[in-house]
Trainee: 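Structure below; questions to follow.
Any value given below was found using the heavy atoms of this structure, including those in side chains, with hydrogens, waters and symmetry copies removed. Just so we're clear, the structure is a prediction, and the values are computed from it rather than from any experiment. Letters A, B, ... are given to chains in the order of the sequence lines, protein chains preceding strands, and every chain is numbered from 1.
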There are 2 protein chains.
Amino acid sequence: MSVTIKDIARIAGVSYSTVSKALNDSPLVKKKTKEAILKVAEQLGYQPNMAAKSLVSKKSQIIGVAWPTVERPAWSTLITKINDLLGQQAYHTLLSINPVDSAITIFNRFHVDAILLFQEESRGRPGLPQSTVPILCYGKPEGQLSAVDVNRRKAMFAAVRYLYERNHRRLAYIGDLSPNDLIQQEKYIGFAEAIIQFGLPTHPLMTMNTAGNSADQGYRLTKQLLHSAYEPTAIVSGSYDITVGVMRALKEEGVIVPADLSLISYDNIPQMASFDVPITAVGAPIERIAAGIVDSLFAIINKTKLSPFCKQIEIELVERASCQPL
Amino acid sequence: MSVTIKDIARIAGVSYSTVSKALNDSPLVKKKTKEAILKVAEQLGYQPNMAAKSLVSKKSQIIGVAWPTVERPAWSTLITKINDLLGQQAYHTLLSINPVDSAITIFNRFHVDAILLFQEESRGRPGLPQSTVPILCYGKPEGQLSAVDVNRRKAMFAAVRYLYERNHRRLAYIGDLSPNDLIQQEKYIGFAEAIIQFGLPTHPLMTMNTAGNSADQGYRLTKQLLHSAYEPTAIVSGSYDITVGVMRALKEEGVIVPADLSLISYDNIPQMASFDVPITAVGAPIERIAAGIVDSLFAIINKTKLSPFCKQIEIELVERASCQPL
DNA sequence: GTGAAAGCGCTAACAG
DNA sequence: CTGTTAGCGCTTTCAC
């Protein structure tokens, strides 16, 4: 049996409500008493029982994170950042790797303060289970839930504009075009919109579908592109992983970036700087996404914003060395 | 406010203790009554309050997993398996990505039924915080805690014996030899023991230290090895990631596996079959590790085994196509 | 079979 | 300032 406030009360010779107050640093307790109580608690190795605490206070200081796929590097660093930020506010994150429905159910039973939903792709009809706990989506908004999202369309548009302003006209897009992945599609739409708006020429090999975010596909398609009749002056890559493959292929083929070919990639992450040629990239910096999510989490917990909202994270274009004007 | 057993009781026209019994499928309730209660609960969308439940029952049906590094693919599939297995026993897993100490503290406050500790490398002196909740280690045993561990030493020994029995005499080991990573060292020790026991010749380039488990290092060192004076007939790789690099280098250099060179790798995972040449590998299959961990978890929860134990997971050598007798 | 009542560890009025 | 008391939602004797 673990030690309770009653144990502390008995030993410190006070009532247990006084102990409760002392432990919560209430101003209603004399400093002397408080210190004495804290010392006893310390010595006994007291750990508050969250179950009891949350039962009465209706707060758990826990954010439940529905994390359908453990194996997703890009989100790993994001969740780490979020965890840190939340930690500073005395909140903790608990991840569930169960299917979304089951995760939501568990978190509801535990009365976490909010649920953060990471969504690969917005699911069809099924709809989520009822939830007393407020839910925030990251990825694609689901039903009537609040969400934070990155404006990927705008990001890709900016990438093309950047290239266009530097006199590039023949572009190629290498990315995931899977029909059921709305997130990836957004990127492509941004690319396509810009192509149209700037009146750039198109070509059958202009868009290459990696059908997934794998370096291998990026590698393969780049090779294919290089051996084709189409000679783009710049490549737009759909993700970090793909860029890894693209760069490997370019290197093998002896194509010099940016002298022979410019390359701009989606995913605004630090790793972009660690290629042989640091990659110019566009996207929302992970810190900003994390901050946006944490803010929104507090918003739904404290009901600052009421109706479902959708916070767009602004994107950034980070110039490095992989692009060069024509 | 969410619905409680009292709400159900009122609507079903029974006392709330009867509801509690019905919900827990107690034989003390008439079938008819039980069904009626269950139906009301269903309609109301009742969700039991775990806080209250665990407060009185001292059980939470939750296994806390201390997961210091989200970004570790090999463990991702393992945790997924464990989660599934536990799910079948009506247990749930909650991951914490905080530092071990803080994770243990939180899980204690929440009174999870057991904590599973994933450890990169056994830490030095600091010692873990007190825990009322039983803890199981995976990776390196820590202090007086029970643990489950893979016999990596034995695995590598078996790998060398396998090669030896097929008349290979000049071997090379490519793996992580970081002095502070006991897990990696175990592998090398197994290799070295076998070399000695079978009286195999040594060479300065026989062991190549990747200092980490990166494909890139595996790639680099393989190239280095190939351009050196030492001509091994077989390579022993320390991990899947390293093998990825080794294979890439071999391919680039036009070395045919297994005709020109045999290769055996640590890490008994399905991905080993997906190389151009399916890789013969040694190690504990992930399913067996998961099962061993779940068993041990129940053992410490139910106090089946009392004193700290250390369960060794047996290894397996899976023959595929990357080795060939000389 | 069913209900009444105690109590898990804690917070939050409300008295003193 | 400190103590008393009433629950939070639930399980579990113990009566009826």
Side-chain angles (χ1 to χ4, degrees), chain A residues 1-38 40-41 44-62 90 106-113 132-133, chain B residues 1-38 40-41 44-62 90 106-113 132-133:
Chain A
M1 201 65 270
S2 37
V3 4
T4 76
I5 49 172
K6 289 195 179 172
D7 299 322
I8 302 178
R10 196 160 15 80
I11 295 179
V14 292
S15 82
Y16 72 86
S17 71
T18 304
V19 174
S20 171
K21 284 169 198 145
L23 258 20
N24 292 304
D25 202 25
S26 154
L28 299 176
V29 184
K30 201 169 32 175
K31 205 166 156 207
K32 204 74 174 290
T33 329
K34 198 183 289 185
E35 282 165 1
I37 293 176
L38 258 26
V40 177
L44 263 42
Y46 169 77
Q47 292 284 25
N49 181 330
M50 296 312 257
K53 213 163 174 154
S54 94
L55 183 56
V56 28
S57 69
K58 268 93 181 67
K59 297 241 138 281
S60 62
Q61 296 297 109
I62 294 284
I106 297 179
F107 287 139
N108 265 278
R109 281 152 148 58
F110 270 88
H111 291 230
V112 299
D113 294 341
T132 325
V133 177
Chain B
M1 201 63 274
S2 38
V3 4
T4 76
I5 49 172
K6 289 192 179 173
D7 298 322
I8 301 178
R10 195 161 16 77
I11 296 179
V14 292
S15 81
Y16 70 86
S17 68
T18 304
V19 174
S20 170
K21 284 167 198 149
L23 257 20
N24 291 305
D25 202 26
S26 153
L28 299 176
V29 184
K30 206 175 18 178
K31 206 166 155 206
K32 205 77 174 287
T33 330
K34 199 183 287 184
E35 282 166 2
I37 294 175
L38 256 28
V40 177
L44 263 42
Y46 168 76
Q47 292 284 27
N49 181 328
M50 296 312 257
K53 214 164 174 155
S54 93
L55 183 56
V56 27
S57 69
K58 269 90 180 72
K59 296 240 136 284
S60 62
Q61 297 297 110
I62 294 283
I106 297 179
F107 287 138
N108 265 279
R109 282 150 147 61
F110 271 88
H111 291 228
V112 299
D113 294 342
T132 323
V133 177

Trainee: Table please: side-chain donor-acceptor pairs of residues 23-30 of chain B below 3.5 Å, with sequence neighbours left out.
Mentor:
{"unit_1": "N24(B)", "atom_1": "ND2", "unit_2": "S20(B)", "atom_2": "O", "d": "2.9"}
{"unit_1": "D25(B)", "atom_1": "OD1", "unit_2": "K34(B)", "atom_2": "NZ", "d": "3.2"}
{"unit_1": "S26(B)", "atom_1": "OG", "unit_2": "L28(B)", "atom_2": "N", "d": "3.0"}

Trainee: When the distance from CD of Q61(B) to P of dC10(D) is rounded to whole Å, what number comes out?
Mentor: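 Computing the Q61(B):CD to dC10(D):P distance gives 16 Å.
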
Trainee: Can you find an N or O donor on one side and an acceptor on the other, under 3.5 Å apart, linking the side chain of K31(B) with the base of dG1(C)?
Mentor: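 In this structure, the two groups form no donor-acceptor pair.
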
Trainee: Quick check: on DNA chain C, is the nucleotide nearest K6(A) upstream (toward 5') of the one nearest S57(A), or the reverse? Name the residue that is more 5'.
Mentor: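 Between the two, 5'-proximity favours K6(A).
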
Trainee: Starting at NE2 of H111(A) and ending at P of dG9(D), how long is that distance when rounded to a whole Å?
Mentor: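 Checked: the NE2 to P distance equals 8 Å.
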
Trainee: Rounding to an integer number of Å, can you tell me how far L28(A) CG sits from dG3(D) C1'?
Mentor: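 Atom CG in L28(A) sits about 13 Å away from atom C1' in dG3(D).
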
Trainee: To the nearest angstrom, how far is M50(B) atom CE from dC8(C) atom C1'?
Mentor: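 One finds 16 Å between C1' of dC8(C) and CE of M50(B), rounded.
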
Trainee: Within this structure, what is the CD-to-P distance between Q47(A) and dC10(C), rounded to whole angstrom?
Mentor: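 Rounding to the nearest Å, CD of Q47(A) and P of dC10(C) are 11 Å apart.
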
Trainee: Taking 4.0 Å as the cut-off, does a side-chain nitrogen or oxygen of K53(A) come that near to OP1 or OP2 on dT11(C)?
Mentor: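 True: K53(A) side-chain N/O within range (under 4.0 Å) of dT11(C) OP1/OP2.
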
Trainee: Within less than 4.0 Å of OP1 or OP2 of dT2(D), is there a side-chain N or O belonging to T33(A)?
Mentor: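 So the side chain of T33(A) is within the cut-off, an N or O lying under 4.0 Å from OP1 or OP2 of dT2(D).
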
Trainee: Counting C-beta onward and ignoring hydrogens, is there a side-chain heavy-atom pair between I8(B) and Y16(B) closer than 4.5 Å?
Mentor: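 Heavy-atom side-chain distance check fails, nothing below 4.5 Å.
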
Trainee: Using whole Å, what does the distance between atom P of nucleotide dC10(C) and atom CZ of R10(A) come to?
Mentor: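 Answer to the nearest Å: 13 Å.
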
Trainee: Phosphate oxygens OP1/OP2 of dT2(C): is one of them under 4.0 Å from a side-chain N or O of S15(B)?
Mentor: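 Indeed not, no polar side-chain atom of S15(B) lies that close.
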
Trainee: Under 4.0 Å between a side-chain N/O of Y16(A) and OP1 or OP2 of dA12(C), yes or no?
Mentor: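 No, outside the criterion.
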
Trainee: Within this structure, what is the CD1-to-P distance between I37(A) and dT11(C), rounded to whole angstrom?
Mentor: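 It is 13 Å, rounded to the nearest whole Å.
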
Trainee: Establish, with yes or no, whether the OP1 or OP2 oxygen of dC8(D) is under 4.0 angstrom from a side-chain nitrogen or oxygen of N49(B).
Mentor: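 False: N49(B) side-chain N/O out of range (4.0 Å or more) of dC8(D) OP1/OP2.
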
Trainee: With nearest nucleotide decided by heavy atoms, which residue, Y46(A) or V29(B), maps closer to the 5′ end of DNA chain C?
Mentor: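 On the 5' side of the pair lies V29(B).
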
Trainee: Please examine the side chains of V19(A) and V14(A), heavy atoms only from C-beta on, and report whether any two atoms are closer than 4.5 Å.
Mentor: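 Contact flag for V14(A)/V19(A) side chains = yes.
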
Trainee: If you check every side-chain atom of T4(A), which of dT2(D), dC10(C), dT13(D) has the closest atom?
Mentor: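 The answer is dC10(C), which lies nearest to the side chain.
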
Trainee: Indicate, with a heavy-atom threshold strictly under 4.0 Å, whether S20(A) touches base, sugar-phosphate, or nothing.
Mentor: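 Base, at least one base atom sits under 4.0 Å.
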
Trainee: Any side-chain heavy atom of V133(A) sitting closer than 4.5 Å to one from F110(A)?
Mentor: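 Contact flag for V133(A)/F110(A) side chains = no.
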
Trainee: Among the candidates dG3(D), dT12(D), dG9(C), find the nucleotide nearest to the side-chain atoms of K58(B).
Mentor: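 Given the options dG3(D), dT12(D), dG9(C), the side chain of K58(B) is closest to dG9(C).
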
Trainee: With nearest nucleotide decided by heavy atoms, which residue, L55(B) or K30(A), maps closer to the 5′ end of DNA chain D?
Mentor: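 Upstream on the strand: K30(A).
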
Trainee: Which pair of heavy atoms, one from S60(B) and one from M50(B), lies closest together, and at what distance?
Mentor: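 Nearest heavy atoms, S60(B) then M50(B): O-CE, 3.8 Å.
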
Trainee: For a quick test of reading the model, state the closest non-hydrogen atom pair linking A9(B) to S15(B) and the distance between them.
Mentor: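 In terms of heavy atoms, the two residues are closest at CB-C, 3.8 Å.
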
Trainee: Using atom NZ of K21(B) as one end and atom C1' of dT2(C) as the other, report the distance to the nearest whole Å.
Mentor: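 For the pair K21(B) NZ and dT2(C) C1', the rounded distance is 6 Å.
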
Trainee: Can a side chain N or O of S17(A) be found less than 4.0 Å away from OP1 or OP2 on dG3(D)?
Mentor: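 Answer no for this pair, as no side-chain N or O of S17(A) is under 4.0 Å from OP1 or OP2.
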
Trainee: Regarding S54(B), tell me which of base, sugar-phosphate or nothing describes its non-hydrogen contacts under 4.0 Å with the strands shown.
Mentor: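 It contacts nothing in the nucleic acid.
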
